[in-house]
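Source: prediction; values computed, not measured. Position 1 is the first residue of the sequence; numbering continues from there. When a ligand or atom number is given, it counts from 1 through the structure's own listing order.
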Amino acid sequence: MKIYRARYGGVCFGVKRAIEMSLTAAGKWKQVYSLGPLIHNRLAVEELKKKGIITTNTLNDIKNKKVIIRSHGIHPRLLHRLKKQEYEIIDATCPWVRKAQRYVEQLISEGYHVIIVGEKDHPEVKGLLGYGGPHSEIYSERMKIKHKKIGIVPQTTINYEALNQAVLHFIDRVLELKIYNTICKATILRTHEAVRIAKKADVMIIIGGKNSANTTRLFQVCNKYKPSHHIESADEIKVEWFRQAQSVGVTAGASTPKEQVDEVVTFLKKKFRRKKSIP
Ligand code: SF4
């Protein structure tokens with residue numbers, strides 16, 4: 001069986017940077033607290049815990065006042081509170097996310113009503129809406145147009161289909177439409193490559209946490225082309241997925257460590273070493 005492994009699958013620049021910053025801080029203070037999982041990957045979070053990076057959802061748990069802002073960024077009100085209460089802040093907001101936050105602020109200052117295109121429950125989106133305040137909202141297909149000047153800022157990890165849909169919704173109904181393309185390079189490279197592989201492979205495996213939005217989106221994109229399976233680890237792989245298959249594509253979300261991808265590829269190699277295809 002031929003295996004096509006994605007070059008751009010796995011932990012992205014922003015998550016890698018956040019982990020490195022956190023490990024350095026944990027080395028210095030023994031324990032640091034991440035507001036929400038540093039990486040949307042259960043196994044990786046367990047490993048980080050052993051190294052002193054604790055996940056919490058409440059400030060009450062943070063006894064030593066050492067807090068990590070993860071790559072998604074946070075609501076500016078919470079940032080203000082952390083500063084006021086004199087927390088030691090390790091700000092690992094991804095520079096791409098920070099750029100999106102700045103564009104939101106800029107658009108507001110220029111009198112635009114800001115539309116965020118993304119998932120309403122995603123922490124990055126919640127943060128962006130925080131920067132937009134009452135002059136911003138999340139895009140929905142049914143939204144009414146009440147403003148003449150609209151500024152669009154997409155979540156960094158959405159795909160172009162979602163952005164295009166929002167642009168088309170407004171383009172002929174407003175006086176001014178300003179779009180900042182904040183979809184990050186890691187997302188673009190990963191998605192393009194996943195599509196290219198899915199077109200030639202018979203089956204696709206997408207590795208990443210079930211709670212990872214970008215892994216789920218990657219799965220959805222691949223599934224349009226070939227039967228695809230979203231897994232967290234090699235033990236979820238089923239032989240029947242590969243009946244008649246002669247090739248498999250392997251990619252991973254932005255929060256999947258390289259070791260987890262290696263594990264899956266090694267498993268596939270061992271399992272299908274001598275078989276051209278599963279009858
Ligand atoms: S997916 Fe992109 S924006 Fe998000 S953390 Fe990674 S590099 Fe940054």
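- The existence of a salt bridge linking Asp262 and Arg5 is confirmed by a sub-4.0 Å separation between a basic side-chain nitrogen and an acidic carboxylate oxygen.
- Heavy-atom proximity to atom 5 (S) of ligand 1, evaluated over Ala100, Ala18, Gly14, is greatest for Gly14.
- Checking Cys184 against atom 6 (Fe) of ligand 1, every N/O/S atom stays at or beyond the 2.8 Å cut-off.
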Is there a salt bridge (Lys or Arg N to Asp or Glu O under 4.0 Å) between Glu88 and Lys65 once you walk through the steps? CA-CA 6 Å; Glu88 198 88 47; Lys65 287 202 151 187; over 6 Å; no
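- The ring of His80 has its center no closer than 6.0 angstrom to the ring center of His75.
- Taking a cut-off of under 4.0 Å to the non-hydrogen atoms of Trp96, the atoms of ligand 1 that pass are 3 (S).
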For Lys210 and Glu232: C-alpha separation, side-chain torsions, deciding distance, then whether salt bridge (Lys or Arg N to Asp or Glu O under 4.0 Å) applies. CA-CA 7 Å; Lys210 294 279 160 66; Glu232 289 191 345; 5.4 Å; no
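- Within a 6.0 Å radius of NZ in Lys66, other residues, nucleotides and ligands contribute more than 12 heavy atoms.
- If you number the atoms of ligand 1 from 1 as listed, the ones under 4.0 Å from a heavy atom of Thr156 come out as 3 (S), 4 (Fe).
- Atom 6 (Fe) of ligand 1 has Cys12 SG, 2.2 Å as its closest protein atom, hydrogens excluded (heavy atom only).
- Protein heavy atom in closest approach to atom 1 (S) of ligand 1: Thr157 CG2, 3.5 Å.
- When distances to atom 2 (Fe) of ligand 1 are checked against a cut-off of 2.8 Å, Cys94 contributes no N, O or S atom below that limit.
- Between His40 and His122, the ring-plane angle classifies as perpendicular under the 30° and 60° cut-offs.
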